[in-house]
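So you know, we letter chains A, B, ... as the sequences are listed, proteins then strands, and number each from 1. Only this structure's heavy atoms are used, side chains among them; waters, hydrogens and symmetry mates stay out.
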Amino acid sequence: MGIYDTLNEQQQEAVFCTEGPLLLLAGAGSGKTRVLTHRIAYLMDQGVNPYHIMAITFTNKAAKEMRERVDDLVGYGAEHIWVSTFHSTCVRILRRHIDKLGYGNSFTIYDADDQKSLIKQICKQYKIDTKMMPERKIINEISSAKDEFMTPSEYETRHQYDFKKKKIAQIYKEYQRQLKANNALDFDDLIFKTVELFQFHPEVLDYYQERFRYIMVDEYQDTNTIQFQLVSMLARKYHNLCVVGDDDQSIYKFRGANVKNILNFENVFPEAVTIKLEQNYRSTKNILNAANEVIKHNKGRKAKKLWTENEEGDLIEFHQYGTEYEEARQIIDKIEALSNEGYDYKNMAILYRTNAQSRVFEESFMIKNIPYRIVGGTNFYQRKEVKDILSYLKVVDNGLDDLAVRRIINVPRRGIGAATIEKINVYAVEHNISFLDACFSADHIETLGNAKKKINGFADLIRDFRRKMEEGSLEELFKYITEETGYIADLKAEETEEAEGRIENINELLNKVVTYEQEAEEASLSELLEEIALVADIDNLEDSDNRVVLMTLHSAKGLEFPYVFICGMEDGIFPSYMTVMSENDDDMEEERRLCYVGITRAKKKLYLSAAKRRMMQGRTQFNKVSRFIDEIPEQLLQLDKGINLKEKRPDKALFSANRGHKFRKPYQAKSFTSTKMDTLSYSVGDMVKHIKFGKGKVLEIVPGGRDYEVTVDFEKVGVKKMFASFAKLKKVE
DNA sequence: GCCTGTCGAATTTTT
DNA sequence: TTCGACAGGC
C-alpha cells in the first residue's frame with residue numbers, strides 16, 4: 001500500500017495537483033498538514049529536486065514539525081527543502097543581498113520594545129504630544145502602512161489633507177531614517193525590504209524564482225497584503241504556488257491579515273484550481289457541530305460545512321461559576337480527575353482570550369502541584385535583564401545600533417546620566433557618526449568635562465568585548481560580559497529573591513547560547529541574535545513535556561488537544577470588551593472566528609466556563625454569559641442543574657454570600673525557565689524550602705523520565721509529592 | 001546623577 | 001491590581 005492510499009479523495013487530488021496555482025480551502029482538523037507533507041513527498045517522487053521546494057509556515061514550531069514529518073515520509077533529502085516562516089525566510093534572503101538597498105548585511109532586528117523606544121525618541125524630538133497620539137497608535141499606523149507596501153512618501157501623499165496623518169507621515173519618515181542609520185529593521189521591514197529588493201533588483205528575484213519552483217504557503221488566511229505580494233512575485237515565473245487556508249480561521253486581521261487574499265488568489269492566478277477539504281478527522285461530532293453552529297452566525301464567509309465520521313462523543317460542558325477563582329479551581333479539579341483516570345497532563349489545555357487571565361490559574365496549579373506551562377505573556381526575551389545582556393551582544397555585533405548602546409551605557413550604573421548622553425548625542429549628530437563612535441572619540445567632545453573618563457571606560461569595555469569575540473566562543477564572550485560589567489555581581493549583592501530570579505534568567509539565556517553554539521553549523525553572533533529575535537514563545541513548546549498548557553486562543557491556532565477548557569466565556573471578556581463596544585460588525589465576526597478556532601482545538605471533550613463576577617483592573621465586574629454560548633444549540637450542551645441561559649443577569653445574592661472570601665495573592669511567575677535538572681542541589685534528608693509550602697524535609701527522590709519526583713515532609717502542610725523541575729525547591733542549611 | 005514616591009493608565013490578540 | 005513614567009528631593 002502506498003503512502004497516498006491513506007488519504008481521502010480530495011486530499012489525494014490536492015497532493016497530485018502539483019503544477020500550477022492551487023487554492024486549498026482546508027477546514028479545521030481536515031488534515032492539511034498531512035496533505036502538505038504528502039504533497040512534498042509526491043513532488044520528490046516525481047523527481048523534483050527538494051532544493052526547489054519551499055514551504056512557508058506561520059511559526060517556527062510548525063516549520064520544524066513539517067520538516068520532521070516529511071523526513072519520516074521520504075527518509076532522505078528533506079533537509080534541502082526550504083521550510084520556514086515568512087520572517088525567517090526574508091532574513092535569510094536579506095542577509096545576502098540587503099547591501100543592494102544601502103543597509104549593512106549584519107543588520108539588527110528590532111522588536112516591539114525597540115520600536116517603541118525609537119518612536120518615543122522621535123516624538124520627543126518632534127515635540128509630539130503622546131497623549132494626543134499614543135505611541136501604540138503611531139506604531140500600528142506605520143505597521144499597517146508597511147503591510148500595504150506604502151513608503152513614507154506614498155503615505156504622505158495619500159494623507160496630505162489629514163493633519164494627524166501628516167504628522168504620522170513625518171514620524172514614519174524619520175523612523176525609517178533612524179532605522180537605517182542604526183542598521184536595523186523592524187518585523188514589517190523584513191518583508192517590506194525583501195519585496196523592495198525583488199522590485200529593484202530583478203536579477204535577485206530571478207535567482208529566487210529559479211530556486212523556488214514549488215511554493216507552499218500554510219495558514220494563508222493570515223497573510224497580509226505584502227506577504228501575498230512576496231509569494232506572488234516568487235511564483236510569477238513558474239506559477240506553482242499552493243496556498244492552504246481557512247477563511248473561518250482568520251484571526252489576525254488586526255495585524256493586517258487580509259482575508260481578501262483568499263478571494264484575490266483566483267484573480268491574480270486565473271487558472272487556479274480550488275479544492276475544499278471538509279472532512280474533519282480531529283473532533284467528535286458534538287464538538288464539530290458546536291463549531292459549525294457558532295461560525296454559521298458569520299455572514300462574510302465561504303460556504304462550507306465540516307463533517308466527521310468520528311463518534312458522537314460527550315456533550316460539551318458549560319459551567320458558570322461564582323468567581324474567576326472558583327472557575328480556576330474547578331477546572332483544575334477536573335484536570336486532576338482526568339489525570340487520575342490516566343490521561344496525561346499534556347493532553348489538556350486551558351485557553352483564554354487575554355494573557356492576564358492566566359494568573360489565577362498559576363496560583364491554583366502551584367497549590368495543587370500540577371505541572372503546567374504558560375505560553376506567551378511576558379516573553380522571556382522581554383525581561384529587563386535578558387534585554388540588557390542581549391543589548392551588550394548587539395552592540396558587540398552591530399555598533400550602529402544606537403538604541404542598544406544607549407540602553408547599556410549606564411547599565412550597570414557607571415555614573416553616566418542623561419545630560420552626558422545628550423552631549424554625546426549632539427556630537428554624534430553634528431559629526432554624522434553613530435552614537436558608539438562618538439563614545440569612542442569622547443576625548444574630542446569638549447563639553448563632556450569629567451564624564452570623559454567614564455565614557456572612555458565604557459568604550460574600552462566594548463573594545464575589549466569585541467576583541468574577546470574575535471578570539472573565543474560565544475559562550476566565553478557571554479560569560480566575560482556578565483563578569484566584566486559586574487552585572488551578575490551587582491545582582492548577587494542585592495540578595496533578594498527577585499535578583500536571584502534575574503540571575504537564573506541570565507543563566508537560562510546562557511544555556512540558550514550554549515545550545516545554539518552546539519547545534520549551529522557555523523555559529524555566529526549575528527545568527528544567534530537573529531534566532532532569538534524571531535522565536536515565538538509557542539516555538540518552545542515541547543510535545544514531550546508532560547504539562548497542562550495554558551495559552552491564548554490566538555496561540556492555540558494550529559494545535560490540538562484531547563481535552564480543551566475555554567474559560568472566561570463572558571461578554572466583555574470573550575468577545576472582548578472592545579469588540580462588544582465596536583460599531584463595526586466585522587470585529588465581532590473576527591471574534592467569532594476566534595471562538596471557532598478555540599472549539600475546534602478539542603478532539604475528545606470541550607469544557608466551557610464563565611464566571612458571574614470577576615476582578616478586572618482592580619474592580620469587580622459582573623459579566624453576562626458570552627453570546628457565543630447562546631449560539632451553541634442547547635442539545636449539544638451539558639449544563640449545570642438550575643442554570644438558565646435565558647436568564648443571564650448576574651446574581652447579586654451570590655455576590656454577597658461570597659464576599660469576604662479570602663484569596664491568596666497570585667504567585668509571581670518565573671515559570672518560563674524550564675529547568676531541565678540534571679542534578680538536584682539537595683538529596684534525601686536535606687531541609688528544603690518551597691515557595692508556597694515553606695520548609696520541609698526531603699523524604700524520597702524518585703527519578704522518572706527527564707524529571708524527579710520528590711517527596712517532602714513540610715513543617716506546615718505535611719507530606720507532599722512534587723516534580724523537582726516544577727517545584728523549584730531550594731536547599732536550606 | 002540617583003533614588004523614591006506618586007500618579008495615571010491599563011488589558012485584545014503577535015510574527 | 002500592577003506596572004511604568006515622571007517629578008522632586010537628596
Side-chain angles (χ1 to χ4, degrees), chain A residues 56-63 84-91 109-113 115-117 120 124 130-131 134-136 139-140 143 146-147 185-191 219 222-224 226-227 250-257 324 351-360 375-379 381-382 384 410-422 450-451 454 533-539 551-558 568 572-582 587 590-591 593-595 597-598 614-621 663 665-666 668-669:
Chain A
I56 294 182
T57 58
F58 202 65
T59 62
N60 295 301
K61 181 173 155 46
S84 70
T85 63
F86 270 106
H87 296 273
S88 322
T89 297
C90 290
V91 171
I109 300 165
Y110 275 4
D111 65 15
D113 286 339
Q115 247 179 329
K116 202 175 162 197
S117 0
K120 212 173 193 178
K124 219 177 228 168
T130 48
K131 289 226 170 60
E135 289 107 346
R136 279 241 57 77
I139 292 172
N140 283 340
S143 177
K146 287 181 180 177
D147 284 348
L185 301 181
D186 66 19
F187 280 118
D188 304 312
D189 278 342
L190 294 176
I191 321 278
E219 307 285 8
D222 289 323
T223 54
N224 58 33
I226 193 165
Q227 287 169 337
S250 160
I251 54 173
Y252 284 104
K253 210 179 76 193
F254 71 95
R255 222 170 62 192
E324 73 268 35
L351 309 181
Y352 36 76
R353 179 66 236 263
T354 65
N355 280 307
Q357 288 170 258
S358 65
R359 285 246 161 123
V360 135
V375 176
T378 13
N379 195 305
Y381 294 107
Q382 283 169 351
K384 186 185 171 300
N410 199 33
V411 177
R413 302 257 117 88
R414 297 189 179 92
I416 301 171
T420 308
I421 290 174
E422 194 41 41
N450 287 339
K454 294 173 186 167
L534 296 177
V535 289
D537 202 11
I538 193 92
D539 296 334
M551 67 184 111
T552 63
L553 290 148
H554 280 88
S555 305
K557 195 184 59 155
I573 305 285
F574 186 33
S576 78
Y577 182 73
M578 301 286 263
T579 329
V580 174
M581 289 299 143
S582 167
D587 291 340
E590 170 132 331
E591 204 79 356
R593 289 193 291 269
L594 191 56
C595 184
V597 168
R614 163 185 309 269
M615 255 322 207
M616 287 200 55
Q617 296 150 237
R619 308 214 151 267
T620 303
Q621 281 195 0
F663 299 111
K665 269 188 100 176
Q668 265 296 347

Output a table of nitrogen or oxygen pairs between the protein and nucleotides 5-10 of chain C separated by less than 3.5 Å.
{"from": "C:dA5", "atom 1": "OP1", "to": "A:Lys120", "atom 2": "NZ", "distance (Å)": "3.4"}

What N/O pairs connect the protein and nucleotides 2-4 of chain B at under 3.5 Å? Give each pair on its own line.
{"from": "B:dC2", "atom 1": "OP1", "to": "A:Gly415", "atom 2": "N", "distance (Å)": "3.3"}
{"from": "B:dC2", "atom 1": "OP2", "to": "A:Asn410", "atom 2": "ND2", "distance (Å)": "3.1"}
{"from": "B:dC3", "atom 1": "OP2", "to": "A:Arg413", "atom 2": "NH1", "distance (Å)": "2.5"}

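The number of heavy atoms from other shown groups lying within 6.0 Å of OH (A:Tyr577) does not exceed 12. The number of heavy atoms from other shown groups lying within 6.0 Å of NZ (A:Lys253) is above 12.
No engagement by A:Ser88 is indicated, since no non-hydrogen atom pair under 4.0 Å with the nucleic acid exists.
Between A:Lys146 and A:Ile226, the closest side-chain pair of non-hydrogen atoms is not below 4.5 Å. In this structure, A:Asn224 and A:Arg255 have side chains that are not in contact, with every pair of non-hydrogen atoms separated by 4.5 Å or more.
Applying the ring-ring contact (aromatic ring centres under 6.0 Å, His included) criterion to A:Phe187, with sequence neighbours excluded, gives A:His87. Partners of A:Gln357 according to the side-chain contact (heavy atoms from CB on, under 4.5 Å) rule, which considers only residues two or more places apart in sequence or in another chain, are A:Tyr352, A:Arg353, A:Thr354, A:Cys567, A:Ile573, A:Arg614. For A:Phe58, the ring-ring contact (aromatic ring centres under 6.0 Å, His included) partners two or more places apart in sequence, or in a different chain, are A:Tyr252.
Considering all non-hydrogen atoms of both residues, A:Val375 and A:Asn355 come closest at O-OD1, 4.2 Å. Between A:Thr57 and A:Ala62, the shortest heavy-atom contact is CB-CB, 3.9 Å.
The gap from the C1' atom of C:dA5 to that of B:dT12 amounts to 23 Å, rounded to the nearest Å.
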Return a single string for nucleotides 8-15 of chain B, one symbol per nucleotide in 5' to 3' order, where B is base contact, S is sugar-phosphate-only contact and - is none, cutoff 4.0 angstrom on heavy atoms.
---BBBBB

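Atom CD1 of A:Ile109 and atom CG of A:Leu534 lie 4.5 Å apart (nearest 0.5 Å).
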